[in-house]
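Dropping a structure here in structure tokens format, bear with me for questions.
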Amino acid sequence: MPQAGRKVDIVLRYPDKERLKMIHWKSISLLVPWPTVSLASAESATIRVRAYGEDNQPDTPWSDPVNVETGLLTKDDWSGALMIGADKETEKNLPHQPLLFRKEFSVAGVVEKARLYITAYGLYEASINGDSVGTAVLAPGWQSYSHRLVYDTYDVTDLLLTGENVFGIHVGEGWYAGRLGFGAGNRNLWGDTPGTMALLVINLTNGTQLVSTDETWQASTGAIITSELYNGEVYDSRLEQAGWSSPGFQASADAAKWIGAKELKSPFDQLAAPDGPPIRRIEEVKLQQVLTSPTGKTILDFGQNLVGWLRLRVAGPEGSNITLVHVEVLENGEVATRPLRNAKQTDRLTLSGKGVQTWEPTFTYHGFRYVMVDGWPTDDTPLDENSVTAIVVHSDMEETGSFECSDPLINKLHKNVQWSMKGNFMSVPTDCPQRDERLGWTGDSHAFSPTANFLYDTAGFWRGWLKDFQSEQVNGAPPLVIPSVPAAGPVAPTAIWGDAIVVNPWNTYLASGDVEALRAQYTGAKAWLDSGIPRSTDGLWNRATFQLGDWLDPLAPPDDAGRATTSSSYVADAYLVYVTRIVAQMASELGLEEDKSRYEEWAADLKVAFREAWMSSDGIVANETQTGLALPLYFDLFEDDDQASAAASRLQKIIVANDYLVGTGFAGTHLLGLALTKHNLTDTFYQMLLQTTVPSWLYQVKMGATTTWERWDSLLPDGSLNPGEMTSFNHYAVGSVANWIYQVVGGLAPVDPGWKTVKVNVIPGGNLTWAKASYLSPYGKISTQWEVHETGFHLLLEIPPNVHADVTLPGGGQTQRVGSGNHEFSDAEFRL
């Protein structure tokens, strides 16, 4: 049904009254500005919406009401809450033992509403009267803490009691003070003392009561000896302080002593409400097999490479020590720990001997499919699916995209892409989830962001991370990893990785349509071009600048991933033209006409400079490789269509001569298929996609992969590990091919930001006889379902209200525009 506009009811709540406001809009249905008076700190409103139709068509029913509530907007709203630590000397160059903080308080009255605002220097788990607060884990996540520290808000009304109460906070070192970076890494990057800061606001029928962190709190330690991100957790159940966050607690004589709290430096200038969802337990994976290795070790196989930890239900004698070593793959039937480098990924649990224990680690996570178990008390507890479960955790984004087709190997590849995204979207977009790294490499996210934006609603996730991206810029140049850590080296301008400060905001804008987020991120993109890039006199990159280039080119040696077959300076210059054009587009969307003109002119000049530097007069490029040709083809760098057509033909010949195997690294892989399709060579890329020998996407699938790998051959054909130091089996970058799958096989791509207009252009090929794809856009579900058989090509299309689709049928037919609703298209003459 066409919609003429919308009606919105907003009920504003004030301490002494409620006020109803009704607003009408025409045409705008996405990210409408807040239409009434601004809410103050901790104020709430209830919103409901209905649409009214054109030409006397009926209105839709009112939506379910949604409650919104502001957080704490000023320092004064924290009402004197302090960041506190335990009043003791902190550990020096060692892991920090997690701390328990508790506060007893009395509630004298009936609780109407209670809110908890909380953050930590490190990670926290909060509880009230022994009950956990919320469902987040590893909270408040990882930020560039010098610039931004997230605080979380919880409704804790139902956890409070009339009378005596206890507020407990468990704090671990996390990213804030834990070891980060490869090799020996570095500890205490943002501070050497874990702590917490919280404010509990209790609205009673007879007033308001506040409970905040201050020096009156008590601190101690419990059963967790250490809990490190890389190395895992050591837990001694005999040291538990049972009931420590409940009323009536009395510490036993042999328990750790309770001491006072001390004030730490407060983070008021950095405090920020979260932009994206927290990390949560998302799903569980059952144990598939219990294996015995050639050397007699017991190994659990969960059948899926995942990120999270184990939950144990186990009983055994007091003092029994269970050791859990987590790995992604086996080699010669034994756990392969070499890819972990200096990360142990080992949890150790000492049993209390007091019956069945249910245990999970608290302040660590692992990337694994296999777990080697030692010390399991088999006489008391069978080691099976009832006693061991894998818990999958990641940032709790809404799933928006789906894809399925007639080829089971492609379907498996797609599932692997999704699993690698889940495992690496952990508050920040990490490169890998298992070894001594797990950093927010910007180049990886650059390549993968269109795929991520289709699979999940990533708008809030990116918005938070991109704030840190911009905050970390130094003279316009961002670090290679966000948040920045010393292990990645000093801030140094680098193409593709630095270019992510342009491309990621733009890709997010195309998916979400959030122009205010784009406006906030434009400053960083502009600074990158204006002052961050070292340039030669022609405006291109200064060739003395270090570049990572076409990282992990398949022909690069295992021990030198940057030694690609395409010049890194060539790659950098091609991307420079591309991102300059994007900044011009950003300026256009933001109505900045002077900036738009300046960057358009700059991009045109850079295109000429690129041709002069890297092309002959007849369009032969300096590096006639898959990447060397794909980039100028996709970025429109050739002088005319004839040169581009000739280059596309040469690229096709290179691919055929390479037996349709991949010849690209980070710079070229995510654009190769799009470049070929742009130049009517989709069939060539279909043949590449369907290859099953190395290097190819389906080689990994044929080798039993359940996630996408860092290297095309992380596992060699004989089953042995790649000898390179970097051998992750959970890296999302090569999964960027899914963007081509969605656009070409699924036939879906945004034309306008937020998917206001959709391009529907299914191009069947390869051995595929049917496919279906769907995307939950900001306006609603968009889906295609097609098949090819003896009666030709048939397409079913679903378009939500207020969206148009430009539909092109296979074989170069006319494009037609359709509106919302369900549509059917057929071409009886089409054959594969």
Side-chain angles (χ1 to χ4, degrees), residues 119-120 122-123 136-150 152 173-182 185-186 189-190 229-230 270 272-280 282 307-308 363-367 393-397 420-449 451-453 455-473 478-488 491 497-498 500-501 503-505 507-508 517 521 524 728 730-733:
T119 189
L123 303 175
V137 297
L138 303 176
W142 189 11
Q143 300 93 45
S144 294
Y145 299 120
S146 298
H147 305 283
R148 190 171 64 100
L149 176 62
V150 160
D152 297 312
E173 64 181 22
W175 293 278
Y176 178 84
R179 177 168 69 96
L180 291 175
F182 28 83
N186 302 90
L189 292 183
W190 289 275
L229 293 170
Y230 294 166
Q270 291 77 41
D275 291 286
I279 301 170
R280 288 192 173 99
I282 302 298
V307 174
F363 300 120
T364 187
Y365 72 93
H366 311 299
V393 305
H394 58 80
S395 290
D396 189 12
M397 304 163 291
S420 277
M421 177 179 172
K422 290 191 293 187
N424 283 294
F425 274 53
M426 295 284 288
S427 186
V428 306
T430 61
D431 59 325
C432 61
Q434 75 299 93
R435 69 186 181 215
D436 57 347
E437 195 163 351
R438 314 185 195 189
L439 304 177
W441 286 94
T442 56
D444 302 52
S445 70
H446 176 164
F448 191 73
S449 60
T451 296
N453 296 342
L455 279 170
Y456 287 89
D457 180 356
T458 55
F461 179 92
W462 290 127
R463 187 166 188 162
W465 186 68
L466 288 169
K467 286 180 179 178
D468 291 343
F469 207 150
Q470 187 169 322
S471 296
E472 296 267 24
Q473 284 179 277
L480 291 170
V481 300
I482 306 294
S484 181
V485 304
V491 174
W497 281 254
I501 203 166
V503 177
N504 286 35
N507 287 337
T508 305
Q521 294 147 5
S728 163
N730 196 344
H731 252 67
Y732 55 62

**Asked** Distance from S146 atom OG to Q270 atom CD, nearest 0.5 Å?
**Response**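 Going from OG on S146 over to CD on Q270, the span is 7.0 Å.
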**Asked** Do H731 and S728 meet the criterion of a side-chain donor-acceptor pair at a distance under 3.5 Å?
**Response**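 On atom types as modelled, these side chains qualify, holding a pair under 3.5 Å.
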**Request:** Starting at CD of E437, measure out to CG of L180 and round the result to the nearest 0.5 Å.
**Result:**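 E437 CD to L180 CG: 11.0 Å, rounded to 0.5 Å.
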**Asked** Taking the side chain as C-beta and beyond, is there a heavy-atom pair between P274 and D152 under 4.5 Å?
**Response**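 P274 vs D152: side chains touch.
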**Shortest non-hydrogen contact between A452 and T458, atoms and distance** =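 Closest approach of A452 to T458: O-CG2, 3.5 Å.
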**Message:** Let's go through F425 and W462 carefully: what are the C-alpha distance in whole Å and the side-chain angles of both, what is the deciding distance for ring pair (Phe, Tyr, Trp, His ring centres under 6.0 Å) to 0.1 Å, and is it a yes or a no?
**Reply:** CA-CA 10 Å; F425 274 53; W462 290 127; 5.5 Å; yes
**Item:** Audit row: L189, V485, side-chain contact (heavy atoms from CB on, under 4.5 Å) steps and yes/no
**Value:** CA-CA 8 Å; L189 292 183; V485 304; 3.8 Å; yes
**Asked** Testing W190, Y145, W175 for side-chain contact (heavy atoms from CB on, under 4.5 Å) with P483, which one passes?
**Response**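 It is W190; the other options fail the test.
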**Asked** Which pair of heavy atoms, one from T119 and one from P140, lies closest together, and at what distance?
**Response**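 Reported closest heavy-atom pair: OG1-CG, 3.8 Å.
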**Message:** Can you confirm whether Y456 sits close enough to S395 that some side-chain heavy atom of one is under 4.5 Å from a side-chain heavy atom of the other?
**Reply:**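 Heavy-atom side-chain distance check fails, nothing below 4.5 Å.
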**Message:** If I compare all heavy atoms of Q434 with all of G367, which pair ends up nearest, and what's the gap?
**Reply:**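 What the structure gives for the nearest pair is CB-O, 3.7 Å.
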**Prompt:** Is the shortest heavy-atom distance from the side chain of Y176 to the side chain of L149 under 4.5 Å?
**Reply:**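 Of all side-chain heavy-atom pairs linking L149 with Y176, none is under 4.5 Å.
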**Asked** Heavy atoms, side chains only, cut-off 4.5 Å: are M426 and V307 in contact?
**Response**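 In short, these two side chains touch, coming nearer than 4.5 Å.
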**Message:** Give me the atom names and distance for the closest heavy-atom approach of Y365 to R438.
**Reply:**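 Taking Y365 first and R438 second, the nearest heavy atoms are O-NH1, 2.9 Å.
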**Request:** To the nearest 0.5 angstrom, please state how far the CH2 atom of W142 sits from the CG atom of D468.
**Result:**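 Those atoms lie 10.5 Å apart.
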**Asked** Any idea which heavy atoms bring T442 and A500 closest together, and the distance?
**Response**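 Shortest heavy-atom separation between T442 and A500 comes out as O-CB, 3.5 Å.
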**Request:** Locate the shortest heavy-atom distance separating P479 from V491; write the atom from each residue and the value.
**Result:**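 Between these two residues, the closest heavy atoms are CG-CG2, 3.8 Å.
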**Rounded distance (nearest 0.5 Å) linking atom NE2 of H147 with atom NZ of K467** =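 Going from NE2 on H147 over to NZ on K467, the span is 14.0 Å.
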**Request:** Using salt bridge (charged side-chain N to carboxylate O under 4.0 Å, His left out) as the criterion, list what pairs up with R463, not counting sequence neighbours.
**Result:**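 R463 satisfies salt bridge (charged side-chain N to carboxylate O under 4.0 Å, His left out) with D514 only.
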**Item:** Gap between atom CD1 of I501 and atom CZ of F469 - 0.5 Å precision
**Value:**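 One gets 5.0 Å once the value is rounded to the nearest 0.5 Å.
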**Prompt:** Given N730 and S420, is the side-chain contact (heavy atoms from CB on, under 4.5 Å) satisfied, shown in steps?
**Reply:** CA-CA 6 Å; N730 196 344; S420 277; 2.8 Å; yes
**Prompt:** For the atom pair CG (D444) and CG (N424), what is the distance rounded to the nearest 0.5 Å?
**Reply:**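 These two atoms lie 8.5 Å from each other.
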